[in-house]
Q: 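Supplied in structure tokens, the structure appears directly below.
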Amino acid sequence: MALAKRQILVTSALPYANGAIHIGHLVGYIQADIWVRFQRLRGHDVVYLCGDDAHGTPIMLRARQEKLAPEQFIARMNQEHQADFARFDIVFDSYYSTHSPENRVLCERFYERLRQGGHIAQRPVEQFFDPVENIFLPDRFIKGTCPACGAADQYGDSCDACGKHYAPTDLIDPRSVVSGATPRRKSSPHLFLQLEDFRDQLGGLIRGGMVDAAVANKLQEWFGDRLKDWDISRDAPFFGFPIPGQTEKYFYNWLDAPIGYLASLAHYLRAEPAEAEDFWRAPGRETYHFIGKDIIYFHALFWPAMLLGAGLPPPGKLCVHGHLTINGGKMSKSRGTFISAEQYARHLDPQALRYYFATRLTATPADIDLHFGDFIARVNSELVGKLANLISRAAGPLAKLLEGRSGAAAPAAGAMLADFRTAAPEIATDYENRNYAGVTRRICALADMANKYVEEQAPWSMVKTAPEAARSVWSTALECGRILTIYLKPILPRFAEKVEQCLGLGPLAWADVEQVLSPRRLAPFEHLAGRIEERKIEVMVRENQTPVAPAAVAGPVAATSDRPTSGGSWRAGNESPKSPLGPTGAPSAIAQAPVTAEPLAATCTIEQFNAVDLRVARVLSAEPVQASEKLMRLELDLGALGRRTVLAGIKKAYSAEQLVGRQVIVCANLAPRKMKFGVSDGMILAAGAGGTDLALLSVESNATPGQRVH
RNA sequence: CCGAGGGUAGCUCAGCGGUUAGAGCAGGGGACUCAUAAUCUCCGGGUCGUGGGUUCGAUUCCCACCCCUCGGACCA
């Protein structure tokens, strides 16, 4: 084939070096790895780069917590990340780090050119400063009282109680999460990249195919207004690179992260950073960034602006993938579905995950679901039952019954083999467009044909009287298997390796589809892919199920605690409890397990208990709060105590009709709470995880509104 | 509330202006035994969210509505 050889540069997003790789991360890496392997199989030149995003305050603090120097900490994370990727056959040409000499030089070069181009502005920023730790605090490291509704213990960016957004400087009674000290407001000059300078160019890129339509659409959200300046500086102490010409200033790690792609390239080339830039801008070079939808902003706006400002070509294409859900829900620690790469690999076959992700991946940024029941079904029936079995049922009998020699394919099977070969361009197009779901569908359809062929020929019968005819049937099946192996090779490199070995072939390339498998002696056949046992998933999930933190008290449905708790049990309540295997999975022990095993709270005295004044109340009226997804506005009759308005997070579990007239238990002496939709004066009690899983407390009909509960 | 994406068989998903709407799994009946209890075959099963419209013709295009998911921040 006379395909022009493409020069392709592929990157995967740099994982942040403060945590382990989990199977959600793997979606994007497996997607990119498959694409890279496909391009190489076609004979193109690909350089595949990645590395750790190793800078920033969270890493600095985390290292300190572990009593390590940041450099030691990130070195360890780097090792762990590389080991995790290797387990899943994700192979980079260079896995580097943003904390590298090359990256420092590159950041300085970028910055200098941006500055000289007049794209950097300087102005003061007032932020909170922790006087004990002597650090400026990111918004998430500050808590305080919401200036809008008075809710306590809210983060520095927005209030979970009323939803109001504000600056951390607006908080009442702010505290540092790091030291607990009261932060001071402190002004400091910051450096900004003026994104608006690049508006026209960025708009052109977005409309010009750098991203797919769905992503371009999403970008309009930000692009509609004027583009805001981007603060690229952070104050000392900060784990990162100092900004030249400034004192006590560091590059924000989202500036050095994408530049890290070039640093990783320099590392791969074992060359000076300038040479990496030359490589990047070489004519005909195609660059592809594989990223998750959560970091579109950086890669579609900041990064191209940085490149343009530094005189380098913008990225060719951003390949955006969605996030992973498990059994239709978010990964959840309490449900045991927050699974690390290492944990998965310890219990299950990585190539099964590669295959399953492939069956679900398309070019859209839609989330993909790892549905355990479907996962088992797809892998066992398609990967094992159809694909591996096809080769096994051909190689096995040839070895056992026919001296381990394959022969020529059956002439009568010519039409089928032609179908196998003519599928190549369509499969290649699907690969090229990242439509791996299409790839696996086509491959399975071909495998069905081959299995059907073998079935109809029944070589096991003819082997008794016409062994050469049987040999040609099995050899035909083997040829089918060989071609399918080529098609599958980007997804299943180990599978392909074993087939190559059995057939005594060198590494198969895409062009080998057109070759013919000549008669040969077969090497011993190796098991290609194992079935997934449901039990192993159960064990993995159970091992992974951590007890819910005591903080995650989901019991009382309080107007004042209408927010997800740290343990995640509240969110878990948004779905009815179901088997980890999902509806199509067989019932399992876990399905019956309680949603959470909530630890007993600390012992309290009778005095402490008496401090809580619980009363019987009758619901006079109930009205769902329109603009809220959870809140219901209740008018309560507390007898002699009069009427109360309570906002309760029970909208998903109860309708207004179900509530009116009903008697409930209310905490009557709870401090009134101002919320976005009014003041809530008390809280009603219920059991359950939250969301739709709620059971209101009620009393026998002989209780009277206003009576105290003792 | 605003924006985006989606609602297609019991489940997970393809398809998309045009012949009787598909796949895998699940369910039911057969066949076969070479193969990792795999494979093959037949059957059942969908008013393609609801209501309008455009059209010779709509699941596929347009409008409205309902439901689900995700985003909406100076984190960037």
Side-chain angles (χ1 to χ4, degrees), chain A residues 56-58 125 127 138-140 155-158 163-168 192 195 214-215 217-222 224 228-232 252-255 257 293-298 301-302 322-323 325 327-330 356 359-360 362 364-386 388-402 435 437-438 440-442 444-445 447-448 450-463 470 473-474 477 525 527-531 581-586 626-629:
Chain A
T57 306
V125 171
Q127 282 178 290
D139 293 352
R140 269 171 280 172
Y155 284 102
D157 49 356
S158 68
K164 173 90 178 174
H165 296 291
Y166 42 75
F192 293 83
L195 260 196
V215 176
N217 229 331
K218 202 176 184 63
L219 280 163
Q220 283 309 123
E221 275 176 22
W222 290 293
K228 289 169 189 162
D229 290 353
W230 178 39
D231 187 350
I232 59 166
Y252 177 44
N253 59 297
W254 256 112
L255 179 120
K293 64 182 184 183
D294 52 326
I295 53 175
I296 289 172
Y297 198 100
F298 299 96
L301 299 179
F302 295 149
H323 296 152
T325 58
N327 292 334
K330 286 190 177 173
Y356 186 70
T359 66
R360 318 244 5 191
T362 63
T364 70
D367 289 347
I368 72 166
D369 189 38
L370 170 57
H371 190 280
F372 287 149
D374 190 47
F375 175 53
I376 294 172
R378 291 295 280 269
V379 170
N380 288 357
S381 80
E382 294 179 6
L383 175 56
V384 181
K386 304 191 147 145
N389 183 238
L390 174 66
I391 296 164
S392 170
R393 75 189 302 193
L398 283 171
K400 267 187 272 179
L401 306 172
L402 294 168
N435 180 17
T440 54
R441 259 198 309 280
R442 290 182 199 279
C444 282
D448 285 344
N451 276 313
K452 184 174 179 174
Y453 163 79
V454 176
E455 196 69 30
E456 284 168 352
Q457 294 297 310
W460 51 91
S461 305
M462 62 172 77
V463 71
V473 171
W474 278 319
F525 174 74
H527 214 257
L528 296 172
R531 316 179 73 75
L581 299 181
T584 58
Q626 189 72 21
S628 160
E629 55 175 19

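Within every chain, numbering begins at 1; the chains are lettered A, B, ... in the order of the sequence lines, protein sequences first and strands thereafter. Just so you know, these numbers come straight off a predicted model, no measurement behind them.
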Q: Are there runs of at least three consecutive Watson-Crick or G-U pairs touching RNA chain B, with each pair's two distances under 3.5 angstrom? Give them by first number.
A: B:1-7 with B:66-72, B:10-13 with B:22-25, B:27-31 with B:39-43, B:49-53 with B:61-65
Q: Please enumerate all residues that pass side-chain hydrogen bond (donor to acceptor under 3.5 Å, both in side chains) together with A:R442, with sequence neighbours excluded.
A: A:E426, A:D430
Q: Looking at residues at least two apart in the chain, or sitting in another chain, which of them share a salt bridge (charged side-chain N to carboxylate O under 4.0 Å, His left out) with A:D369?
A: none
Q: Expressed in angstrom and rounded to an integer, what is the separation of A:K293 atom NZ from B:G6 atom P?
A: 12 Å
Q: Roughly, in whole Å, what's the span from CZ in A:R442 to C1' in B:C13?
A: 16 Å
Q: Could you check how far OH of A:Y356 sits from P of B:C25, rounded to whole Å?
A: 13 Å
Q: Rounded to whole Å, please give me the gap between CZ in A:R360 and C1' in B:A23.
A: 13 Å
Q: List in chain and number order the residues that pass salt bridge (charged side-chain N to carboxylate O under 4.0 Å, His left out) with A:D294, two or more places apart in sequence or in another chain; answer none if no residue qualifies.
A: none
Q: Once each nucleotide of nucleotides 34-40 of chain B is scored for protein heavy atoms under 4.0 Å, what B/S/- sequence comes out, 5' to 3'?
A: BBB-SBS
Q: RNA chain B: A:D231 or A:R378, which has the more 5' nearest nucleotide?
A: A:R378
Q: Just how far, in rounded Å, is P of B:G72 from NZ of A:K228?
A: 12 Å
Q: A:R393: what forms a side-chain hydrogen bond (donor to acceptor under 3.5 Å, both in side chains) with it, not counting sequence neighbours?
A: A:N451, A:E455
